[in-house]
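Structure first, commentary second.
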Amino acid sequence: MNYLFREIEKRWQKYWKSSQIFKGETHSKKPKCYVLDMFPYPSGAGLHVGHPLGYIASDIYARYQRSQGYNVLHPMGFDSFGLPAEQYAIQTGQHPNVTNETNIQRYKEQLEELGFSFDWSRELRTSDPSYYRWTQWIFLQLFNSWYDQSLSKARSIDEIIKIFEKQGNLKIKASGDKIEPFNADQWSGFPWKRKNEILQNYRLAFRSETIVNWCPALGTILSNDEIKEGKSERGGHTVYQKKMTQWSMRITTYAERLLKGLDQIQWPEALKETQRNWIGKSFGAKISFSILDKPSLNIEVFTTRPDTIFGVSFMVLAPEHSLIGEISTSEEKKSVEEYLQASKKRSERERLADTKSLSGVFIGAYALHPFTKEKLPVYVSDYILAGYGTGAVMAVPAHDERDHRFAKKFELKIKRVIHGGDDVQKQAYEAKEGQCIHSDFLNGLNVKEAILKAIEKIEEKKLGQRMINYRLRDAVFSRQRYWGEPIPIYYKKGIALGIPQENLPLCLPDIDKYLPTEKGEPPLQRAAYWAWDEKGQKIVSNELIDDKNVFPLETSTMPGWAGSSWYFLRYMDPENKDALINSKVEAYWQNVDLYVGGSEHATGHLLYSRFWHKFLKDQGYVSTEEPFKKLINQGMILGDSAFIARLEKSQDFISVDLIKDQKTQQIHVDIHLLKNGNELDIEKLKEWRPEYAQAKFIMKDGKFFCKRKVEKMSKSKYNVINPDEICKQYGADTLRMYEMFLGPIDQTKPWNIRGISGIHQFLRKFWRLFYTKERFYVESTPPSYEALKILHRTVKKIKEDIPRFSFNTSISAFMIAVNELNAIKCNNREVLEPLVIIIAPFAPHIAEELWMRLGHKNSVSFAPIPEYNERYLMEEMIEYPIMFNGKLRFKMNFPSEIDEENIKKTILKHPQTEKYLGKRNIIKIIFISKKIVNIVL
RNA sequence: GCGGGUGUGGUGGAAUUGGUAGACACGCCAGACUUAGGAUCUGGUGCCGUAAGGUGUGGGGGUUCGAGUCCCUUCACCCGCACCA
């Protein structure tokens, strides 16, 4: 009768694998439910106990939905392009695919051991040419599209050509940089090259010279979300600013839709807020300031506070601003030049580091105030960002903190125009409250009214217009790396052209070394066959490049987020060779009903996926506006790191309890090197790190202790606990339930093995319910009312908990049920069988085993979830807490149907009442049916 | 600095609508049992107190018959953004 979990779990894992019962049906009359996990990058370290947290939760949900009668799509795959495999390839010369294959096998084994109900027939890998063929295909669609702002929709580039042929670009409202206007005749007169340059400006995948975050140590550029505090997120290398021509994605054109869509989806509020901040919408005005003695030139600024226009006392331009050269005077030219040079050298990190002291120089020019015609000195300063707004500001020191500091430093005028706050000579008053003063036509208006009035006036006088600005930047799309999708582009006379779709995939070529070339070009430059034969429609040797028929191919590759931005669609139709996805299949599965993953993807993956999805919708390939209807974040699991202390400037280590005033460095050591709690096994350490073989260890009583600290579980911190060890010891069902029992799914929590035995014992107890005298035996006779009550209460609780993802409370409900059924010695089939069904999503192996032993031939995975009957949830007797002035004094039982008056009477007669009443009078009695009685004195 | 989140026993946590704070589990204490099994069973366990009782959800204040829950204020920690005009 022992619960032999090893044997049981092996049997059912084998069965699930061979029977393929978790295959999502492509054509089904059942309602669909798409449950997805963020697919992992297959790193060499394998899974640790933090990974499965989300997988377990989604698996419970998927299994529950199957039992509820849904056709569930629950796939898994691998985000297999990425840096670690490439880094390893650089070091060892081994092709990244080899490393990948090994790692993926390990991951799959680990995932199977945990009993997940994945549909492995749909497994995909982003580095597989049959997959990235379609990533490249989407890229070409973006390349061949422009955004029509009047329709709020992406359209084919062929259509814009037709429009140009008819009317030039005079009427068109499209996303792109400002371009000289041209009419239809001019368009048809443009040479081929010019036409293509113009089109380039409208494409959603386009090349642009951008200031990028160049990381020489990684040999690549990084996106903003890959940088943490000025250093690369991976490896912590220094990042520099560099101008480069790069592929970009016009995500900014979708800013408004990305923002609006957030209201339609059920995501954690924190995550939505992060995206809102990242998109950073602000409303204001664009205002032109003319320049003294240069009537043809204007400085355009963006401001969210046009109400403070009469408080402007100077102007500031970003160092990259294009007008600086033209308008700075000869006297100031030298100091301006010096300043620009100096600010170029300052890395982003330095610029961010000292936000307190502002630098800048006067450039000699003056702008004219649009209303007062006052002379406003123009400065250049790197506190102005070239990439935001227009790269220039009208400075209002009285009402903007940074402008204030700048004004103080350069002794510029500070003019109050909003009433409120302290002395503006000492401190800026930034609040958007108060009435306008010294502001001509704005006087007396409050800030909100004044903003609108000012814009109205500005538009009326043609000085500018209202403007909505976004903080969101276009996404840089190229990487100077090997291990990514090749960008399907070739260059004809310097013009980028797409490889015809029929020729995809453009496969990654083999190269001798995975490093950049000596000249610093991307690794693909090393490929001998990396040229496009336009006529022959094939890849040929570089030697054949003649710029007539054979042209060089693009050598940068796509970023990590390319493949992950649409993989959820491919799972719906993974084998399709003719299309990204069949439209009928798409119409059925639509989008993801539940997406589970980490919140760290808030501004990367989750934003890019939404962007691509919206684009594909515009193109008619998908029917939904949002890819992930509901999303939950699993919390981080923290590990208990161990450190050894090294005395500074020495090779001597000191036991943590002996440290007094000495300065020490803390060095992470693998937690598996510890014994008896915090004691270090020095021999094991020396094996692990041979460089410490000769080190001296200062010990107390022959023991050496480590310092512990709870921090994020990660390979680099050597605090990783693998699920394999726990599976071996307690089984997958125990691990699954234990991880869920740890607390709310979305909360960060430390990993602690201490409580796991409780779960294991619970499963044993559950198992024993089915045994009498060492034999499997269940009664067919009707169960007691008490037993039915326990069952129905539990079913109700679980049905309420699962949709809320409150799995920790479900588990405690199971525990209560098993404890109570055990106490009344219930072994009725009528009670135990439904219990097996409802516990199956949580502990599927034991459930399958018991289900089989109960005599069923089919898997428990599709057995319908039992219904509960309210009849069994009624209590005949209610225990009322009797409170005096809100304090619980004693308890009394009453039949649930008894009326209020009767209860009050009985309570007042109770001897305890007299005691608590004393000489005081009752003011009133609060009676809440089936809850409490409170006597107010 | 801005935005978001979290604070409850020795520990993980529960309390879904303002209604018995600490469910369930770990740990600990006491006991029973013995085919010595990662056993099982019984009882106890927030804190102070022998007890009556008092006290208690980060701190302070408020609303209410009644507050972990609502409001104000304050502190600590975590996450995200950060010269965004």
Side-chain angles (χ1 to χ4, degrees), chain A residues 2 224-225 228-229 268-278 280-282 284 301-305 308 316 318 351-352 354-356 358 381-385 387-396 399-403 405-406 430 469-473 599-600 602-603 633 635-636 638 729-730 738 741-744 746-762 764-765 768 797 800-801 804 806 808-816 819 822 879-891 923-928 930-937:
Chain A
N2 278 338
N224 287 332
D225 53 285
K228 297 282 174 273
E229 291 163 17
E269 207 39 54
L271 194 63
K272 290 204 229 180
E273 204 52 38
T274 305
Q275 289 210 345
R276 284 191 195 107
N277 291 340
W278 192 261
K281 181 180 183 175
S282 53
V301 300
F302 169 70
T303 178
T304 55
R305 296 294 301 274
T308 62
V316 195
R351 267 170 80 159
L352 290 175
D354 55 61
T355 56
K356 285 276 137 49
L358 298 177
S381 169
D382 61 14
Y383 85 87
I384 303 304
L385 304 175
Y388 186 77
T390 59
V393 300
M394 57 175 223
V396 185
H399 304 289
D400 181 281
E401 222 253 276
R402 291 151 309 157
D403 294 350
R405 269 190 277 130
F406 196 83
E430 293 191 292
N469 200 51
Y470 299 92
R471 202 186 69 106
L472 185 71
R473 297 274 81 88
S599 57
E600 65 271 22
T603 53
N633 289 131
M636 226 181 350
L638 307 177
Q729 208 177 141
Y730 295 100
Y738 182 60
F741 192 57
L742 239 30
D746 54 354
Q747 236 161 66
T748 300
K749 50 209 148 223
W751 177 256
N752 196 327
I753 197 70
R754 275 213 305 266
I756 201 162
S757 60
I759 294 283
H760 193 67
Q761 272 159 37
F762 155 73
R764 297 165 68 99
K765 242 189 240 180
R768 277 205 308 272
K797 176 78 177 144
E800 283 167 359
D801 280 351
R804 298 192 290 138
S806 177
N808 54 331
T809 53
S810 304
I811 291 166
S812 87
F814 283 129
M815 287 173 167
I816 293 168
N819 286 344
N822 201 36
E879 188 188 51
Y880 279 91
I882 313 300
M883 303 169 116
F884 290 77
N885 279 345
K887 280 190 179 145
L888 173 70
R889 293 303 179 180
F890 58 96
K891 291 172 182 179
I923 296 168
K924 62 175 162 177
I925 300 175
I926 309 277
F927 174 84
I928 309 291
K930 292 173 188 171
K931 285 272 160 67
I932 55 125
V933 178
N934 189 11
I935 298 166
V936 185
L937 301 172

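On a predicted model such as this, the values are computed, not experimentally measured, just so you know. Residue numbering restarts at 1 for every chain, and letters A, B, ... go by the order of the sequence lines.
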Who is the Watson-Crick or G-U wobble partner of rG1(B), with both distances under 3.5 Å?
rC81(B)
When rounded to the nearest Å, what value does the distance between C1' atoms of rG68(B) and rG7(B) take?
11 Å
For Arg471(A) and rA85(B), what is the distance between atoms CZ and P respectively, to the nearest whole Å?
10 Å
Considering only atom C1', compute the distance from rG27(B) to rG4(B) and round it to an integer number of Å.
35 Å
Would you tabulate the nitrogen or oxygen pairs shorter than 3.5 Å linking the protein to nucleotides 63-67 of chain B?
from	atom 1	to	atom 2	distance (Å)
rC65(B)	O2'	Asn934(A)	ND2	3.3
rC65(B)	O2	Asn934(A)	ND2	2.7

Quantified in whole Å, what is the C1' atom distance between nucleotide rU8(B) and nucleotide rU55(B)?
15 Å
What is the distance, rounded to the nearest whole Å, between atom CZ of Phe927(A) and atom P of rG19(B)?
16 Å
Just checking, is any N or O donor in the side chain of Ser806(A) or Thr809(A) under 3.5 Å from an acceptor N or O on the other one?
yes
Any donor-acceptor pair under 3.5 Å linking the side chain of Asp746(A) with the backbone of Gly635(A)?
no
Which way is the base of rG9(B) turned, syn or anti, if we draw the line at 90° from 0?
syn
Near-ring test Tyr738(A)/Trp751(A), centroid separation under 6.0 angstrom:
yes
Would you mind reading off the distance between Ile384(A) atom CD1 and rC83(B) atom P, rounded to a whole angstrom?
11 Å
Please give, in whole Å, the distance from rG1(B) P to Arg402(A) CZ?
16 Å
Do Phe884(A) and Phe890(A) make a side-chain contact, defined as non-hydrogen atoms from C-beta onward lying under 4.5 Å apart?
yes
For Glu430(A), check side-chain contact (heavy atoms from CB on, under 4.5 Å) against everything at least two apart and list the hits.
Asp400(A), Glu401(A), Ala428(A)
Look at the side chain of Glu800(A) and decide which nucleotide, out of rU16(B), rC84(B), rU20(B), has an atom nearest to it.
rU16(B)
In whole angstrom, give the distance that lies between atom CG of Asp746(A) and atom P of rC79(B).
16 Å
What is the separation between atom CG on Leu888(A) and atom P on rG54(B), rounded to the nearest whole Å?
11 Å
Does Arg276(A) have a side-chain nitrogen or oxygen under 4.0 Å from the phosphate oxygens OP1 or OP2 of rG80(B)?
no
Which residues pass the salt bridge (charged side-chain N to carboxylate O under 4.0 Å, His left out) test with Lys272(A), sequence neighbours left out?
none
Specify the separation, in whole Å, of atom CH2 of Trp278(A) and atom P of rC81(B).
6 Å
Between Asn469(A) and Ser282(A): side-chain donor-acceptor atoms closer than 3.5 Å:
no
In whole angstroms, the gap separating P of rC24(B) from CD1 of Ile816(A) amounts to 6 Å
What I want to find out is whether Arg276(A) reaches Glu273(A) closely enough, with some N-O distance under 4.0 Å, to be called a salt bridge.
yes
Under 4.0 Å, heavy atoms only, any strand: does Asp403(A) hit a base, just the sugar-phosphate, or nothing?
nothing
In B/S/- notation (B base, S sugar-phosphate only, - none; protein heavy atoms under 4.0 Å), nucleotides 31-53 of chain B written 5' to 3' is -------BSSS-----------S
Side chain Arg473(A), main chain Gly387(A), donor-acceptor under 3.5 Å:
yes
Between rC24(B) and rU42(B), how many Å separate the two P atoms, rounded to a whole number?
13 Å
The contact string for nucleotides 4-14 of chain B, one letter per nucleotide 5' to 3', using protein heavy atoms under 4.0 Å with B, S and - for base, sugar-phosphate only and none, comes out as S------SBSS
I'd like the P distance from rG53(B) over to rG3(B), given in whole Å.
49 Å
Check: Phe927(A) ring centroid to Tyr880(A) ring centroid under 6.0 Å
yes
Can you tell if the side chain of Thr308(A) reaches within under 4.5 Å of the side chain of Met394(A), non-hydrogen atoms only?
yes
Partner of rA76(B) by Watson-Crick or G-U wobble geometry, both contacts under 3.5 Å, or none?
rU6(B)
Both distances under 3.5 Å, Watson-Crick or G-U wobble: report the partner of rG68(B), or none.
none
Going by purine N1 to pyrimidine N3 plus the second Watson-Crick contact, or the G-U wobble pair, all under 3.5 Å, which nucleotide sits opposite rA30(B)?
rU42(B)
Could you pull out all residues at least two apart from Ile926(A) that satisfy side-chain contact (heavy atoms from CB on, under 4.5 Å)?
Lys924(A), Ile928(A), Asn934(A), Val936(A)
Heavy-atom donor-acceptor pair, Lys887(A) side chain to Asn885(A) backbone, under 3.5 Å
no
Watson-Crick or G-U wobble partner of rC24(B), both distances under 3.5 Å:
rG12(B)
